[in-house]
*Asks:* 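Take a look at this one; I'll ask things after.
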Amino acid sequence: MIADMQMHKGYTKVLLVREMDAGTRLQVERKFAEYAARGVIDRGAFPDAEWRITDEVKRRNIRFETGGGTVQEWTGCSEKCFLDYVKSYTVLLLGTMAASSVAEISRSLVRLGCSGFGEACTWDVYTSHALRFLDMIPGSPGYTGAVMERIEENRTLDGWARKPRRLSDFRYYLRFDRYVNEFWETADEDTKDYFFPVYLWWRLTSILPLRATEFLLLPGGCIHNREGKWILTVRRTKLKKKLRKVGYTIETDYTLHEYEVPEWLAGDILAYKANGEKRRPHGKDTLFSPARTAQLGYMTYCQMRRRLLEFREKAAGRADYPVRLGDTRHLAMINLILSGGSPVVCRELAGHEDIGISSSYYANLSTVVESAVYEKYRENRGKITLDGSLKIRMGDRQGMTEVEGGRCDYAGIPEGDISECMKSYREGGHFGECRNCVHYYPGQDGLRLTVQEGFRKKVDEDGMFLMEMIEQVRRGNGAQEDIMSALLRLQNSSACYREALERKMEGEKNGKAKQNR
């Protein structure tokens, strides 16, 4: 456990704590006093049963109380002794992770101490910290060792087993985009000013993968023109990167990054800023004002969440419409993956702390392709907006060339142009495989289903391959070029699957038209 880090002439001196002894207690109390003097701990003294920690973005209370429970005999400690150990461990965590995480880990350790021996042996919350904490308790009578051994045997993940975010069905996001546009076209100026944070959140973070708090901390002067290009400045957290010392201030824990944005987006932001006199002043250098006077001085996550709930009620007709603040960051990555990729996506994905969180939805991209095709065809708009270029064919199949098992719509085939054929191949390196070609229309129903299912399987396989490449890069065993290559592979299989689905929809439409005649 790191007690302190000191920099000297380019070298880092790391002071470690391995046991909660008298020397550790002195180091902990000294460190507590330092954080209290800086205002990070802005309420409570070390002996108190409750502290409050702030990082200028959030405030968290940490309570060292058993809540009616009893510290169990297997810990080898009295209640006061055990809670003092938890306090010491909590102080040692400061500077290594976000305040909210420190509070959650502290609470879990108190619960662990109040759990019976059998429950403690199956403990699966913050297991790395639980094991480290128990190992630091001095003079153990032997019970803690038995608990640690059982936890080690039972645990399957290194650290807290977080559940990955589950995105809603993709069609809900497509429809929500339509609701946003329709609402914004008819809203009055005061309504637009009130809901602008929600509007900009949807427009911006569906393109640029920002976390919700990063979006809410957009600087007041976030937009400016440079040589005819509109540049957006955003704050991005450093806390998701490992081996970072946490400073508990916006200045130390966030860095400024610049991105070029379209003129219409810049115009919307500038218009919102021009109406700033309508809104209450606030303490932080942020674009958005808090909904009411707030001690933290900026629009918080909870306030934004409530405003999104109001917007869903007004625009979508239901407050529980399944679109949440954290969704758009992942939607941005998915859209960019399927429509061309970018260095931003590569960097974001390769920097994920837990690649399993990504793979739960990026490995099933075929469902995204399906939703985009079916939803847009249902609206009868004739376009697929996933990449802004693909159109559904609405005509018949006249002018196509007969090939084995179906037809080909490439116009150059009758003149002997096989350039498109050379882009399609099957395993073993055989070129000219019609079933893998975007221009191929199978002639038989059974064959069409086989080809369609093959395309679908290929999309999901390529999604898994992309995750594998990202994992290799994250561990230092690959290069960014490997991710770009996997992205191109996935984009190609996704395009083929979209084509196959369009042909299916076109065939159904033409079949119904003939029946109606």
Side-chain angles (χ1 to χ4, degrees), residues 1-5 14-29 31-32 46 49 51 53 60 62-164 242-243 246 353-357 475:
M1 188 82 182
I2 297 178
D4 194 15
M5 297 174 64
V14 180
L15 305 179
L16 299 177
V17 173
R18 293 184 173 85
E19 189 175 75
M20 301 287 192
D21 55 14
T24 301
R25 177 62 178 262
L26 292 175
Q27 289 180 329
V28 165
E29 291 184 350
K31 189 174 182 180
F32 181 95
F46 187 85
W51 306 342
I53 300 179
R60 288 298 303 264
I62 304 180
R63 295 181 177 87
F64 302 97
E65 300 171 335
T66 60
T70 304
V71 173
Q72 298 295 301
E73 183 181 1
W74 65 264
T75 64
C77 305
S78 66
E79 182 171 307
K80 182 181 184 306
C81 174
F82 184 83
L83 293 178
D84 278 350
Y85 287 150
V86 175
K87 289 179 184 180
S88 297
Y89 191 87
T90 301
V91 173
L92 293 174
L93 289 177
L94 292 175
T96 66
M97 59 182 61
S100 57
S101 298
V102 172
E104 289 296 324
I105 292 171
S106 174
R107 187 162 65 100
S108 74
L109 294 178
V110 174
R111 285 171 38 225
L112 172 63
C114 295
S115 300
F117 180 79
E119 183 182 355
C121 289
T122 59
W123 195 255
D124 62 353
V125 180
Y126 293 108
T127 53
S128 290
H129 289 284
L131 291 168
R132 188 180 299 124
F133 171 74
L134 294 176
D135 190 45
M136 293 172 68
I137 295 179
S140 170
Y143 294 105
T144 55
V147 169
M148 291 171 62
E149 183 178 1
R150 293 288 295 277
I151 292 176
E152 283 280 15
E153 291 175 356
N154 293 329
R155 75 174 188 163
T156 57
L157 293 174
D158 181 21
W160 177 37
R162 293 175 293 179
K163 293 183 179 180
K242 294 185 177 181
L243 301 178
V246 185
E353 184 176 353
D354 185 353
I355 207 65
I357 295 177
R475 292 181 176 179

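These numbers come from the heavy atoms of this one structure, side chains and all, not from hydrogens, waters or symmetry mates.
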*Asks:* Distance check, rounded to the nearest 0.5 Å: I53 atom CD1 versus I62 atom CD1?
*Replies:* 3.0 Å
*Asks:* Can you tell which of I151, V147, L131, L134 makes a side chain to side chain contact (heavy atoms under 4.5 Å, CB included) with W123?
*Replies:* I151
*Asks:* Tell me every residue that passes ring-ring contact (aromatic ring centres under 6.0 Å, His included) with F46, counting only those two or more places apart in sequence or in another chain.
*Replies:* F32, W51
*Asks:* Please report the shortest heavy-atom distance between V28 and V91, naming the atom on each side.
*Replies:* O-CG1, 3.6 Å
*Asks:* How many angstroms lie between OG1 in T66 and CD in Q72, if you round to the nearest 0.5 Å?
*Replies:* 10.5 Å
*Asks:* Begin from the C-alpha positions of L92 and F133 and carry the test side-chain contact (heavy atoms from CB on, under 4.5 Å) through to its verdict.
*Replies:* CA-CA 11 Å; L92 293 174; F133 171 74; over 6 Å; no
*Asks:* Can you list every salt bridge (Lys or Arg N to Asp or Glu O under 4.0 Å) pair that touches residues 90-105, not counting sequence neighbours?
*Replies:* R60-E104, E104-R107
*Asks:* Could you walk me through whether M97 and I105 satisfy the side-chain contact (heavy atoms from CB on, under 4.5 Å) test, starting with their C-alpha distance in whole Å, then the side-chain angles of each, then the deciding distance to 0.1 Å, before giving a yes or no?
*Replies:* CA-CA 11 Å; M97 59 182 61; I105 292 171; 3.4 Å; yes
*Asks:* By salt bridge (Lys or Arg N to Asp or Glu O under 4.0 Å), which residues pair with E29, not counting sequence neighbours?
*Replies:* R25
*Asks:* With rounding to the nearest 0.5 angstrom, report the CZ to CG distance, R132 to L93.
*Replies:* 8.0 Å
*Asks:* As an exercise, state the distance from CG of L109 to NE2 of H129, rounded to the nearest 0.5 Å.
*Replies:* 8.5 Å
*Asks:* Show every side chain to side chain donor-acceptor pair (under 3.5 Å) that has at least one partner inside residues 109-122, sequence neighbours left out.
*Replies:* none
*Asks:* Which heavy-atom pair separates S108 from Y126 by the least distance, and what is that distance?
*Replies:* OG-CD1, 3.7 Å
*Asks:* Side-chain donor-acceptor pairs under 3.5 Å in residues 76-85, sequence neighbours left out?
*Replies:*
from : atom 1 : to  : atom 2 : distance (Å)
S78  : OG     : C81 : N      : 3.2
K80  : NZ     : D84 : OD2    : 3.0

*Asks:* Please tell me if the side chains of E65 and V110 come closer than 4.5 Å, counting only heavy atoms from C-beta onward.
*Replies:* no
*Asks:* For the backbone of V86 and the side chain of T90, can you confirm whether one donor and one acceptor N or O come within less than 3.5 Å of each other?
*Replies:* yes
